[in-house]
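The structure appears right after this line, and notes come after that.
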Amino acid sequence: MQRIFTGDSPWAAPRYAEAAEATARLLPRFAGRTVLTRFVAPEHPQGAWVDYYRDWPFALVPDADPLYDLTEPFAALSAPVVTAPTFGKWGTSLSHALGRHAAPQAPRRAGTGARGPAVVGDQPHLVLTGVSTDCCVLSTALAAADAGARVTVVASACAGASDADHARALDAMRLYGPLVTVVDAL
């Protein structure tokens, strides 16, 4: 839940405020088991990312730029934050964050993603919310499902680049049932 997806940013998600409000309502339910994630630009884009940032030069700023700040109430949370220059956050940084802050078998909620021994066990479970449904949420959910995690995506707590993109991403994730379950709310 970052500034880059709000206001007049070219990446503004039209339903950001609703997704942020729905995510904030879930926070008490996942106290102590919440991990926030941030998408940032790489310092030196490589491969296909060179063309990507040629199309989106406004976003090619250092990760400390206010554009990539978390919005409130998320910025004020005492929760680990995983920052990565990739859409998907399923990886070792998130796994490490989850391993330090949650029991191995407990459900987890993340602004997006997770992986590794801290969450991949007999019944790993992620509850995902965030933006953009059609980039970060989708990329994280599919990678986590591929690794064997059960994923629940809370549709009302997500927002896409457009309503149509949001709906298409949710439909794509539904194809991965029972590994990925899309629910309207929790």
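Heavy-atom basis, side chains included; hydrogens, waters and symmetry copies ignored.
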Within the 6.0 Å centroid threshold, strictly below: Tyr52 and Trp49
yes
For [X] and [Y], work out which heavy atoms get closest and say how close.
X	Y	answer
Ser162	Pro14	CA-CG, 4.0 Å
Val81	Arg38	CG1-CG, 4.0 Å
Leu126	Ala144	CD1-CB, 3.6 Å
Tyr68	Asp63	CB-O, 3.8 Å
Ala24	Pro28	O-CD, 3.6 Å
Val153	Cys158	CG1-SG, 3.9 Å

Results of side-chain hydrogen bond (donor to acceptor under 3.5 Å, both in side chains) for Arg3 - residues two or more places apart only
none
Apply the test side-chain contact (heavy atoms from CB on, under 4.5 Å) to residues Val127 and Val154: give CA-CA distance (whole Å), side-chain angles for both, the deciding distance (0.1 Å), then the verdict.
CA-CA 7 Å; Val127 177; Val154 184; 3.7 Å; yes
Any [X] side-chain heavy atom under 4.5 Å of [Y] side chain:
X	Y	answer
Thr6	Thr71	yes
Glu43	Pro62	no
Phe30	Leu186	yes
Thr152	Leu128	no
Pro10	Trp56	yes

Under 3.5 Å, is there a donor on one side chain and an acceptor on the other for Tyr176 and Thr181?
no
[X] side, atom [atom1]; [Y] side, atom [atom2] - distance, nearest 0.5 Å:
X	Y	atom1	atom2	result
Asp65	Ile4	CG	CD1	8.5 Å
Leu77	Thr34	CG	OG1	7.0 Å
Phe87	Cys135	CZ	SG	4.5 Å
Arg168	Leu170	CZ	CG	11.5 Å
Ser132	Leu138	OG	CG	9.5 Å
Trp11	Gln2	CH2	CD	9.5 Å

Verify same cluster id: Val50, Leu60 (apolar side-chain graph, 4.5 Å):
no
Criterion side-chain contact (heavy atoms from CB on, under 4.5 Å) on Thr133 and Met173, from CA distance to verdict:
CA-CA 10 Å; Thr133 316; Met173 288 185 278; 3.9 Å; yes
Sequence neighbours excluded, every pair satisfying salt bridge (charged side-chain N to carboxylate O under 4.0 Å, His left out) that has a member inside residues 172-185
Asp171-Arg174
May I have the step-by-step check of side-chain contact (heavy atoms from CB on, under 4.5 Å) for Val82 and Leu36, ending in yes or no?
CA-CA 6 Å; Val82 172; Leu36 303 169; over 6 Å; no
Test your reading of the model: is there a side-chain donor-acceptor pair from Arg33 to the backbone of Arg29, 3.5 Å cut-off?
yes
For Asp51, what residues pass the salt bridge (Lys or Arg N to Asp or Glu O under 4.0 Å) criterion, not counting sequence neighbours?
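Here the qualifying residues are Arg54.
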Report the C-alpha separation of Asp163 and Arg15 in whole Å, then their side-chain angles, then the decisive distance to 0.1 Å, and conclude whether the salt bridge (charged side-chain N to carboxylate O under 4.0 Å, His left out) test is met.
CA-CA 8 Å; Asp163 289 344; Arg15 305 253 183 251; 2.8 Å; yes
Using the rule given for side-chain contact (heavy atoms from CB on, under 4.5 Å), can you reason through Phe58 versus Ser9, listing the C-alpha separation, both sets of side-chain angles and the distance that settles it, and then say yes or no?
CA-CA 9 Å; Phe58 85 99; Ser9 165; 3.7 Å; yes
